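Structure, as structure tokens:
Remember, it's a predicted structure, so these values are computed and weren't measured experimentally. The sequence lines fix the lettering, A, B, ..., with proteins before strands; numbering per chain opens at 1.
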There are 2 protein chains.
Amino acid sequence: MAMTQDPRISLRLHFESGLTFGRGKADLLQAIDDEGSISAAGRRMGMSYRRAWSLVEEMNAHFAAPLVDSSRGGAHGGGAQLTERGRQVLADYRALEVLLRDQGAAELGRLRAGQRSASA
Amino acid sequence: MAMTQDPRISLRLHFESGLTFGRGKADLLQAIDDEGSISAAGRRMGMSYRRAWSLVEEMNAHFAAPLVDSSRGGAHGGGAQLTERGRQVLADYRALEVLLRDQGAAELGRLRAGQRSASA
DNA sequence: ATTCGTTGTGTCTGGATGGACATAACCAGC
DNA sequence: GCTGGTTATGTCCATCCAGACACAACGAAT
């Protein structure tokens with residue numbers, strides 16, 4: 001239900017600082033929220049832990065407050081959770097996605113229709 | 001008036017084909033429309049003709065109909081104009097930009113506010 | 001035929017990017 | 001104090017990409 005199923009056109013935000021935030025990071029945050037772990041999220045998304053962690057690091061560095069809170073050691077080796085800020089950022093991005101697909105359906109439809117037909 | 005003046009966050013569309021269309025290509029199309037030439041547009045945007053042309057080539061290749069029509073030789077060496085399709089694509093992108101900034105002001109505002117303060 | 005500004009292409013190279021691998025640090029539970 | 005799974009970090013390398021440079025093709029005007 002929350003899955004964006006057929007994103008022929010996806011949204012990416014370009015912050016002035018240089019940070020880019022698009023479907024990849026959004027889905028990663030979502031996966032971390034679901035799994036409670038960066039590594040599990042990475043596995044689920046088919047990316048290496050190294051990559052997943054570096055994306056998290058990048059996001060945490062570019063926002064005033066971290067989006068992901070992590071701890072290591074312990075019963076299950078550690079884990080990670082979204083902070084309130086993290087959930088807010090994710091929610092805001094999702095809202096913009098919905099806004100675009102809903103209110104911008106006409107424009108997106110024209111843009112899609114104008115594409116060269118797939119070279120199946 | 002048509003200038004997007006203070007884009008702290010900009011929009012980029014990711015087509016499934018792999019084409020990305022953001023402020024750069026949009027501004028390039030606009031500049032070509034204004035200047036009537038790819039090279040003049042490139043100069044105006046501070047990019048090499050090679051780069052400007054390759055972006056145009058990329059766009060033309062990914063849409064069913066070209067966005068830019070060009071001709072070489074002649075009195076002024078040649079020139080380029082936006083096709084009707086080109087104007088439509090540009091207009092659609094601009095409309096989505098406006099939609100996002102207008103209807104998405106709350107979300108964008110929160111995202112901006114959450115950024116780490118500039119290291120001026 | 002020469003000129004002139006533009007379109008259209010080829011090639012090279014340095015820097016950024018991402019993937020793969022390796023390894024240390026951590027700590028509840030046993 | 002050993003284990004196990006996770007976080008955190010470093011390094012190397014193939015590869016992609018942007019920028020720079022060079023140059024051919026074109027055609028109206030003169």
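- The OH atom of Tyr49(A) sits 15 Å away from the C1' atom of dG4(D) (whole-angstrom rounding).
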> Which parts of nucleotides 19-29 of chain D does protein reach within less than 4.0 Å, heavy atoms only, written one letter per nucleotide 5' to 3' as B for base, S for sugar-phosphate only and - for none?
Replying inline: S-B---BBBBS

> Between Val89(A) and Leu111(B), does a side chain to side chain contact (heavy atoms under 4.5 Å, CB included) hold up when you go through it step by step?
Replying inline: CA-CA 6 Å; Val89(A) 166; Leu111(B) 290 172; 3.9 Å; yes

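- Taking a cutoff of 4.0 Å between a charged side-chain nitrogen and a carboxylate oxygen, Arg43(B) and Glu35(B) do not qualify as a salt bridge.
- For the side-chain contact (heavy atoms from CB on, under 4.5 Å) test with Val68(A), the passing option among Leu29(A), Asp33(A), Thr83(A) is Leu29(A); the others fail.
- A straight line from CD of Glu57(B) to P of dG8(C) spans 9 Å, rounded to a whole angstrom.
- Taking atom CE on Met45(B) and atom P on dA18(D), their separation rounds to 14 Å, with Å as the unit.
- Between dT7(D), dA8(D), dT6(C), one nucleotide has an atom nearer to the side chain of Ser39(B) than all others, and that is dT6(C).
- Judged purely by atom type and a 3.5 angstrom limit, Arg101(A) has no side-chain atom pairing as donor or acceptor with the backbone of Leu108(A).
- No hydrogens or angles considered: a donor-acceptor pair under 3.5 Å links the side chains of Asp92(B) and Gln88(B).
- Of the possible donor and acceptor atoms, none in the side chain of Tyr93(B) sits under 3.5 Å from a partner among the backbone N and O of Leu13(B).
- Here the side chain of Ser37(A) is nearest to one of dG8(C), dA8(D), dT6(D), namely dT6(D).
- Taking atom CG of residue Leu55(A) and atom C1' of nucleotide dT17(C), one finds them 12 Å apart after rounding to whole Å.
- Residues Leu67(A) and Leu82(A) form no side-chain contact, since every pair of their non-hydrogen atoms from C-beta on lies 4.5 Å or further apart.
- With 3.5 Å as the limit, one finds no donor-acceptor pair spanning the side chains of Arg8(B) and Gln115(B).
- When rounded to the nearest whole Å, the span between CD of Glu35(A) and P of dT6(D) equals 10 Å.
- Contacts between residues 62-71 of chain A and DNA chain C, defined by a heavy-atom separation below 4.0 Å, involve no residue at all.
- Taking atom CH2 on Trp53(B) and atom C1' on dG10(C), their separation rounds to 11 Å, with Å as the unit.
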Between side-chain atoms of residues 46-57 of chain A and protein atoms elsewhere (two or more places apart, or another chain), which donor-acceptor pairs fall under 3.5 Å?
unit_1	atom_1	unit_2	atom_2	d
Ser48(A)	OG	Arg51(A)	N	3.1
Ser54(A)	OG	Arg50(A)	O	3.4
Ser54(A)	OG	Arg51(A)	O	2.9

